[in-house]
Visitor: 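My structure is below; once you've seen it, I'll send some questions.
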Protein chains: 2
Amino acid sequence: MSTPRHHAVEDAEVWLGVQEASDMLGVSPATLRRWSAAGKVRAFTTPGGHRRYAESTIRQLLGRAAGLDSSVSALGESVDRAAWALHEQLAPVCGSLSWVPRATPEERQILGLAGRSMVQGLLGYVDGRNDHECESAIRPAIEAAAMQGRIAARHHGDLGETLETFHRVRGALVDDLAARACLAGLDTPRATRLLARANDGVDRLIVALVDAHAAAPAAAVSPG
Amino acid sequence: MSTPRHHAVEDAEVWLGVQEASDMLGVSPATLRRWSAAGKVRAFTTPGGHRRYAESTIRQLLGRAAGLDSSVSALGESVDRAAWALHEQLAPVCGSLSWVPRATPEERQILGLAGRSMVQGLLGYVDGRNDHECESAIRPAIEAAAMQGRIAARHHGDLGETLETFHRVRGALVDDLAARACLAGLDTPRATRLLARANDGVDRLIVALVDAHAAAPAAAVSPG
DNA sequence: GAAAATTCGGGTAATTAGGGTC
DNA sequence: TCTGTCCTAATTACCCGAATTT
């Protein structure tokens, strides 16, 4: 019977010294030191003042240029199916916006397409393996968000209400990704990176929507 | 011999040998030994002189953290200090908003206070152990967000630009929490829950800001 | 009781931090 | 503005034989 203490440490993080980390990044140790001093790269500081960098942190920095290792498809489900499921969940929420009943049937159809496009683009953005793939995926989603913003403005949609809807979208997407990440056994760095990217994507859609909403300041309909 | 110390409580603490502990910290056993000799790291010493380290002690060193629950304070740093650091990082971003130079000195001072209040409230919201604590923490932050929205509206601030700033706040907060979670060894479910809560908090501030912005539709300024 | 693995302690070489400058 | 290179003081890593733990 083995003694119960000293359990093997399960998720041991690999720590790198400044030299190793800066070699990986291709910068000088002084630069990496400045980065951590500025809060750009997180590091564990020993009581003596020396820094230790988590290998996952460094890989994350590299990942912006090289392959991203946290993706939806790596989570086991195809992007298409995930998008479909998410859209099914979100469509009623979006449809309950107070200004939607004022939209024409054609506009409502467009809104449905836009919603699907946004969900699809968002997941594609999260799933992309490099910047180019991410941008290609989200571009139509951004256009769809702008379209939704213009239609909302046309019908005097309340911006706060629309934002809340988007926040629900964000919540659902993040919850969904988090659940998939847990199921897939993704480790904490990868999972949090995934969620951060999802956030970025949603933020970009929101900005596009708000800008479009403001730029197309409504047609004069139903003037009181 | 049986395990020397199971004092009554049994599942309380996991003890690590020097090798395991130093692996977790990314330093050599000799260094860890020197730290305990200097009183920097508390260790239990066997009658023969060997040291045993509590896993929680090691985690405290890593993120200044003992990752037991998903909260900022459990992540080791006091909310106040984390808020201060985050605000330091974000203040220049918020100050670069195009409409800020049009604000009066007094307003700018108020904006600074509001920014600090929002960061503090946000972290308190994430850190809260129950609904009541969360709500108490975020309420002043919501009021601060509304205040910022009113000031922005007064100076014809661009809503999209303000939103982008908030999205940067979200990004910084999420990055910060994610990094802390990784350092503290938080598992994926806890870490994702933490980030989801942070998102919720930011969303509520954004809604408050946008609503206030819309409700206080600007004064006629800049007679130029 | 005995053996293998680990830890202790110390002494020295290598690496790092930090500031200042280009 | 940012990065790479110097400099010195401080910290850390590697070496050893002896003692402890398993």
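Lettering follows sequence order; numbering is per chain, from 1. From a predicted model like this one, the values you see are computed outputs, not experimental measurements.
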Visitor: Do nucleotides 8-20 of chain D as a string where each nucleotide becomes B, S or -: B if the base has a protein heavy atom under 4.0 Å, S if just the sugar-phosphate does, - if no protein is that close.
Guide: ---BBSB-----B
Visitor: Take the protein atom CD of A/Gln19 and the nucleotide atom C1' of D/dG4, then report the distance between them rounded to whole Å.
Guide: 13 Å
Visitor: Could you check how far OH of B/Tyr53 sits from C1' of C/dC8, rounded to whole Å?
Guide: 11 Å
Visitor: Round to a whole Å and report the spacing from CH2 of B/Trp15 to P of D/dT21.
Guide: 15 Å
Visitor: May I ask you to check whether B/Ser36 and B/Tyr53 show a side-chain donor-acceptor distance below 3.5 Å?
Guide: yes
Visitor: Identify whether the distance between the nearest side-chain nitrogen and carboxylate oxygen of A/Arg170 and A/Asp203 falls below 4.0 Å.
Guide: yes
Visitor: Which heavy atom of B/Ile138 sits nearest to which heavy atom of B/Leu205, and what is that distance?
Guide: CG1-CD2, 4.2 Å
Visitor: So, is B/Arg51 near the phosphate of C/dT7, with a side-chain N or O under 4.0 Å from OP1 or OP2?
Guide: no
Visitor: Checking the side chain of B/Arg197 only, and the main-chain atoms of B/Tyr125 only, is there a donor and an acceptor separated by less than 3.5 Å?
Guide: yes
Visitor: Which heavy-atom pair separates A/Asp211 from B/Gly160 by the least distance, and what is that distance?
Guide: OD1-CA, 3.6 Å
Visitor: If you take all heavy atoms of B/Arg102 and B/His156, which pair is closest and at what distance?
Guide: NH2-O, 3.4 Å
